[in-house]
Amino acid sequence: MSLFSINPTAERIGAIIDVGSGSVLVAIVISQLGNKKPTVVWSHREQAPLRTIDSIEQSAKSVMTSLVNALLKFDSEGRRALHEYNKHSNVDEVQCCISAPWAYTVTKTISYTQEAPFEITKALIDSLIESAEKDTQVELAENEAATELGLSIITRSTLDTLANGYRIEKSIGSEATELSIAHVSVVTQQYLIEHLKDLRHKIFSDKPLHQLSYMLSLYSVVDEIFNDSSDYCLIDITYEATEIGVVRDGILTYSTHIPFGSFSLAREIAHVTSLPLLQSFQSLHTGDVEVFLDTLTAGQKDEVETIFKEYVARLEALFTETGDDLSIPKKMYIHTEIEMEALFTKLITAAGTNKLKGTPQVKGLSSLLADLVNVEHKETNTDTAMLVAAKFFQSQNHRRLFEYL
């Protein structure tokens, strides 16, 4: 167990792994002191086969195969690219962001109240953190699905500390009548943890491995970009999942997902149109899906539009799960492949309008991220999940403390 809070050095080199719901990315990222942008010198995304799947276990096996294949690419092509960048350079650490449905981000808020003012001590804060972690463990133990998956905590962080309702940076020694903390834990499946540690040992010679959820890294990057202390909703659409993160007063308070993403839409479209699955998936990347719909028969067009409406209904149901009694925030930041941003913006706007009885403020992140990272090979600049992971690697060292287990 290590608390990742080291002094920044002139240059850090990271092997970045992004375990998505239906693909795995491996990249080499350079972070130099004084540079606002990290540099990606090499990357490769290995997609799981685009095919019909019958269970999440089958999907997990495909993703694990993609993980192995992607790391084999790193072992040959990646090392060569790093040597060409600087023949004396070596990977310093390994960062792995894990998306839903493989990882869960759980935030617990714990409060301590007294009628008379009390001194805030490190022991008191540690006690509240311990209570938050116990609540997370109890929740996991009571969740039958979580027990079957064998989930374990991989990352922890205290996101917020409030004294008498006011956010404070340095609380030790202060007095208050009420103290509360927001503490986040990232949990993932034990077999994935063991698989990653084994591969780390074989390929990276036991370099430090920092694992966290993709939602937590996305939240950290968005928080840095916009410095947004208001309420908003993060929405991440991957191949096999749609995940939301609810942010209240600038703090990630709740996260959940549905196991349905862009590949899932493509499968249903292929089923009703009899088109090849890959062609159906590519149709979602056109920027204007109406062009694709116009190529279909009237009956097929109706069925595809019904599929989109059903996805909107899924989103509406997802938007009811906010973790509190409040409605989903009106401000929404969405992340997906840049070519599909227009389509999902339209679908999310429809779902948000139905749920909020008003038009949400939907902002696409994909088109913004390319300006935040230097990429040696411009053809990979559209892999926005890579850009988020690279930006997080570059900036996390001087931000919040993340405890990696």
Side-chain angles (χ1 to χ4, degrees), residues 1 3 19 21 56-57 60 96-113 124-162 178-194 196 210-220 231 233-236 238 240-260 314 317-329 400-405:
M1 182 175 71
L3 188 63
V19 180
S21 60
I56 193 158
E57 290 79 11
C96 183
C97 298
I98 306 170
S99 297
W102 321 123
Y104 303 83
T105 309
V106 183
T107 304
K108 295 293 182 182
T109 299
I110 304 295
S111 298
Y112 176 78
T113 303
L124 176 58
I125 291 177
D126 288 345
S127 175
L128 295 182
I129 291 173
E130 183 180 353
S131 296
E133 291 170 356
K134 284 182 179 178
D135 282 359
T136 300
Q137 294 286 10
V138 169
E139 183 177 311
L140 294 177
E142 292 176 348
N143 188 309
E144 184 177 347
T147 302
E148 292 176 357
L149 291 172
L151 296 175
S152 297
I153 296 175
I154 57 171
T155 315
R156 297 187 293 219
S157 179
T158 299
L159 298 181
D160 198 24
T161 303
L162 298 177
E178 181 181 3
L179 176 68
S180 66
I181 65 162
H183 189 74
V184 66
S185 298
V186 176
V187 295
T188 192
Q189 298 174 29
Q190 185 63 37
Y191 81 91
L192 175 57
I193 298 171
E194 293 170 357
L196 282 165
H210 303 139
Q211 305 170 91
L212 72 158
S213 66
Y214 184 79
M215 179 55 69
L216 186 56
S217 66
L218 180 63
Y219 160 68
S220 298
D231 292 3
C233 179
L234 295 169
I235 306 171
D236 182 41
T238 56
E240 305 290 359
T242 300
E243 184 174 21
I244 66 169
V246 177
V247 177
R248 304 288 190 195
D249 295 324
I251 301 300
L252 180 65
T253 60
Y254 187 75
S255 179
T256 187
H257 77 279
I258 52 173
F260 196 94
R314 287 185 172 99
L318 188 63
F319 289 168
T320 64
E321 300 181 47
T322 61
D324 53 31
D325 296 330
L326 302 176
S327 60
I328 198 78
R400 297 189 179 94
L401 295 179
F402 290 87
E403 185 181 6
Y404 299 99
L405 310 181

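Nearest heavy atoms, R314 versus I258: CB-CD1, 3.8 Å. Nearest heavy-atom pair, T242 versus F260, reported as atom, atom and distance to 0.1 Å: OG1-O, 2.7 Å. Across every non-hydrogen atom of T107 and T253, the tightest pair is CB-O, 3.5 Å. Pairing each heavy atom of P101 with each of Q189, the nearest pair is O-NE2, 3.9 Å. Between V247 and Y219, the closest heavy-atom pair is CG2-CD1, 4.0 Å. The two residues V186 and L212 come nearest to each other via the heavy atoms CG1-C, 4.0 Å.
Put simply, the side chain of L318 reaches to within 4.5 Å of the side chain of T256, judged on heavy atoms. You'll find the side chain of Y214 stays beyond 4.5 Å of the side chain of I98, heavy atoms only. Taking 4.5 Å as the limit, some side-chain heavy atom of Y104 sits within range of a side-chain heavy atom of H257. Inter-residue side-chain proximity for V246 and L252 is flagged as unmet; no heavy-atom pair is nearer than 4.5 Å.
Partners of L162 by side-chain contact (heavy atoms from CB on, under 4.5 Å), not counting sequence neighbours, listed by chain and number: D160, R167, S180. Residues passing the side-chain contact (heavy atoms from CB on, under 4.5 Å) test with D324 are R248, T322, L326, sequence neighbours excluded.
Side chains of T155 and E403: no donor on one and acceptor on the other come within 3.5 Å.
Rounding to the nearest 0.5 Å gives a distance of 11.0 Å between CD1 of I193 and OH of Y191. Separating the CD1 atom in I110 from the CG atom in L179 is a distance of 11.0 Å, to the nearest 0.5 Å. With values rounded to the nearest 0.5 angstrom, F402 atom CZ is found 10.5 Å from T158 atom OG1. Here the OG atom belonging to S152 is positioned 3.5 Å from the CD atom belonging to Q190, to the nearest 0.5 angstrom. If you take OH on Y112 and OG on S127, they are separated by 9.0 Å, rounding to the nearest 0.5 Å. Going from atom CZ of R156 over to atom OG of S185 covers 6.5 Å, rounded to the nearest 0.5 Å.
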> Would E243 and S99 satisfy side-chain hydrogen bond (donor to acceptor under 3.5 Å, both in side chains), going step by step from the backbone distance to the final call?
Replying inline: CA-CA 8 Å; E243 184 174 21; S99 297; 5.8 Å; no

>> Walk me through whether S21 and T238 qualify under side-chain hydrogen bond (donor to acceptor under 3.5 Å, both in side chains).
In response: CA-CA 6 Å; S21 60; T238 56; 2.7 Å; yes

> Where do T105 and S213 land on the side-chain hydrogen bond (donor to acceptor under 3.5 Å, both in side chains) test, with the steps shown first?
Replying inline: CA-CA 7 Å; T105 309; S213 66; 2.7 Å; yes

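Under a 4.0 Å N-O distance rule, the pair E139/K108 qualifies as a salt bridge.
A distance-only check finds a donor-acceptor pair linking the side chain of H183 to the backbone of S157 [under 3.5 Å].
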